[in-house]
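Below is one structure, written out as structure tokens, with a few remarks after it.
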Amino acid sequence: CHYDATAAGHSTVVGAMLDGVAIYGRYEATVTVPTDLDACGGHVGPVPAYATWGITDGTSVYHYHAQTKAPYLLGCYGPVASVAECKALYTAADGTRGGGCDGAKTVQLGAT
């Protein structure tokens, strides 16, 4: 594994989600987790250089972060403005929606 959780600065890319957005390790800065993640687990902010995608150091882009609580990697494809918006994106076969957006249980369709 090339990820170093003790490295200084913003965590490095650990993967790419199916929406083409990068997911980074836990930290926004040295041992500092981001406090402004949306319900999907992402936010807009400066990232380190990633030549493979043509990103130069400090470029501000929407990106996800790995987390130690649900949704762990991502709860939906963002950005979204709220947990409700995230939940509205997904409907399960049993008629419930949005279980992964905030780690909470699903709600029945039509419920508020």
Side-chain angles (χ1 to χ4, degrees):
C1 178
H2 297 288
Y3 179 69
D4 181 358
T6 63
H10 194 288
S11 294
T12 59
V13 170
V14 296
M17 306 319 328
L18 291 176
D19 62 352
V21 175
I23 185 163
Y24 291 78
R26 292 184 50 213
Y27 302 114
E28 186 66 17
T30 305
V31 200
T32 304
V33 296
T35 58
D36 61 343
L37 298 179
D38 64 18
C40 295
H43 70 145
V44 174
V47 296
Y50 195 68
T52 303
W53 291 346
I55 297 173
T56 57
D57 191 45
T59 300
S60 189
V61 297
Y62 182 82
H63 60 283
Y64 304 107
H65 279 276
Q67 303 168 70
T68 59
K69 61 180 181 143
Y72 302 105
L73 294 179
L74 76 154
C76 54
Y77 296 123
V80 296
S82 67
V83 171
E85 184 179 348
C86 173
K87 288 181 177 184
L89 296 173
Y90 304 97
T91 302
D94 66 358
T96 59
R97 82 177 132 175
C101 298
D102 63 355
K105 65 180 184 175
T106 58
V107 295
Q108 290 297 319
L109 290 176
T112 56

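Hydrogens, waters and symmetry mates play no part in the numbers below; they use all other heavy atoms, side chains included.
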For residues 72-85, which side-chain donor-acceptor pairs fall under 3.5 Å, sequence neighbours excluded?
residue	atom	partner	partner atom	Å
Ser82	OG	Ala84	N	3.4
Ser82	OG	Glu85	N	3.0
Glu85	OE1	Ala81	N	2.8

For residues 43-51, dump all side-chain donor-acceptor pairs below 3.5 Å to protein atoms at least two apart in sequence or in another chain.
residue	atom	partner	partner atom	Å
His43	ND1	Asp36	OD1	2.8
His43	ND1	Asp36	OD2	3.3
His43	NE2	Glu28	OE1	2.9
His43	NE2	His63	NE2	3.2
His43	NE2	His65	NE2	3.3

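For the atom pair Tyr27 OH and Ser11 OG, the distance stands at 7.0 Å (nearest 0.5 Å). Between Leu37 atom CG and Thr35 atom OG1 the span is 8.0 Å, to the nearest 0.5 Å.
Under the side-chain hydrogen bond (donor to acceptor under 3.5 Å, both in side chains) criterion, Thr59 pairs with Thr56, not counting sequence neighbours. Among residues two or more places apart in sequence or in another chain, the side-chain hydrogen bond (donor to acceptor under 3.5 Å, both in side chains) test is passed with Asp19 by Tyr64. For Thr68, the side-chain hydrogen bond (donor to acceptor under 3.5 Å, both in side chains) test picks out no residue, with sequence neighbours left out.
Counting all heavy atoms, side chain and backbone alike, Thr30 lies closest to Gly9 at OG1-N, 2.5 Å. Annotation for Tyr62 and Cys40: closest pair OH-CB, 3.8 Å, computed over non-hydrogen atoms.
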